[in-house]
2 protein chains.
Amino acid sequence: MARANAGPILAAPDVETVLSAVRARGLRVTTPRRVLIETLFAAPGPVSAEEIASGLGGTRADLDDASVYGNLERLEALGLVRHVHLGHGPGKWMLADRARREYLHCDSCGASEAVEPSALAPAREAIRAATGYEARFTHFPIVGRCPQCVREAGDGPG
Amino acid sequence: MARANAGPILAAPDVETVLSAVRARGLRVTTPRRVLIETLFAAPGPVSAEEIASGLGGTRADLDDASVYGNLERLEALGLVRHVHLGHGPGKWMLADRARREYLHCDSCGASEAVEPSALAPAREAIRAATGYEARFTHFPIVGRCPQCVREAGDGPG
DNA sequence: ATACTTGCAAATGATTTGCCAGTGT
DNA sequence: ACACTGGCAAATCATTTGCAAGTAT
């Protein structure tokens, strides 16, 4: 659970900044590491390790699966990347965001979206009042039906 | 009970009632099926398919893994059992409950608990107001820190 | 009798581990 | 140089699929 030796989560403006942080925190700057980070910058949203390893569908350099998993884990330990579990299926990775946005996932159409933590403050408070739990939707999202599916399905089966 | 020939979710008072529903819905009553249901009644809470197949740690008859998975799936389709994904790790199965209780999971100590849906109505409403999502915590729980871990950890890193 | 089921083996998808040659610092 | 890394193979975990033999109805 412990975060690494350096500062908290870093907002990453560009690839070189992230690589500086990598070096500053004692990891080496290698080609696969650089490619991985470039791929995350190029990704349209959270992507699976497999998608990263296969270069986002061939548009960028391939990497070894095991190396990708290992690097994602190490970079996550340093607070440079993070991942979220959107419903079933593999974890989705992204560069760490300063605000650690929270996720919602529609189990009807599969869509997901991110919101600023402040938007869910009232919900978190309601959960705390009802159960004492301090909810966090950064790693495991709120799952349910998105507005569009609610509209389309009306009152479908629970 | 009052003729459960096809209604939606059935609250299961005992093994024989569930087996009657199994037969009423066109499935055969076989020994493995009976054992599976007895095991779910004997379980202390939601249990994994693997735990069911190995007889809750050897205290009851073993079953084949693949048969357990297949039967859980079929029984779930009939509304007789259901499962929840508590954090990482395998899905946890249980007999269907009339109220379809919702789950909370502590990613700090691993504990989980179930609450009546009504308890989370205000939270669901806050989520709807903020995002338009219709949240449901029956299949994917609210994840965060339980009251005890909040108390012990104070205000640790998010 | 016949369709539904079981049990065993093998396949899958996601992720981890072991190991040795390669390389950043 | 030397420890940190990458890549490849093999292992693991959770779950699914294929199929021949067994059984509920």
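Residue numbers begin at 1 in each chain, while the letters A, B, ... track the order of the sequences.
- Contacts of Ser48(B) classified as side chain to side chain donor-acceptor pair (under 3.5 Å), with partners at least two apart in sequence or in another chain: Glu51(B).
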Quick one: side chains of residues 56-67 of chain A, donor-acceptor pairs under 3.5 Å with protein atoms, not counting sequence neighbours, listed by atom name and distance.
residue, atom, partner, partner atom, Å
Thr59(A), OG1, Gly55(A), O, 3.4
Asp64(A), OD2, Ala66(A), N, 3.1
Asp64(A), OD2, Ser67(A), N, 3.3

Next on the checklist: Generate the contact string for nucleotides 15-25 of chain D. Rules: B means base contact, S means sugar-phosphate contact only, - means no protein heavy atom under 4.0 Å.
Outcome noted: BBB-----BBS

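- Applying the salt bridge (Lys or Arg N to Asp or Glu O under 4.0 Å) criterion to Arg28(A), with sequence neighbours excluded, gives no partner residue.
- At a threshold of 4.0 angstrom between heavy atoms, the contacts of Arg74(A) are confined to the sugar-phosphate backbone, with no base atom among them.
- Rounded to an integer number of Å, the gap from Lys92(A) NZ to dG13(C) C1' is 14 Å.
- Taking the side chain to side chain donor-acceptor pair (under 3.5 Å) definition, one finds that Ser54(A) meets it with nothing, sequence neighbours left out.
- Each of dG7(D), dT6(C), dG6(D) was ranked by its minimum atom distance to the side chain of Asp64(A); first place goes to dG7(D).
- Partners of Tyr133(A) under the ring pair (Phe, Tyr, Trp, His ring centres under 6.0 Å) rule, at least two apart in sequence or in another chain, do not exist in this structure.
- A straight line from NE2 of His83(A) to P of dA14(C) spans 14 Å, rounded to a whole angstrom.
- The nearest whole Å value for the distance from the CD1 atom in Ile52(A) to the C1' atom in dG7(D) is 17 Å.
- Under the 3.5 Å distance criterion, the side-chain polar atoms of Thr39(B) are matched with a main-chain donor or acceptor of Val35(B).
- The interatomic distance linking Arg34(A) (CZ) with dG24(C) (C1') rounds to 12 Å, in whole Å.
- If you measure from atom CG of Leu72(A) to atom P of dA14(C), you get 15 Å, rounded to the nearest angstrom.
- Taking atom CD on Glu51(B) and atom P on dC13(D), their separation rounds to 14 Å, with Å as the unit.
- Between dT5(C) and Asn71(B), no contact under 4.0 Å exists linking OP1 or OP2 to a side-chain N or O.
- Rounded to whole Å, atom C1' of dG7(C) lies 15 Å from atom CG of Leu36(B).
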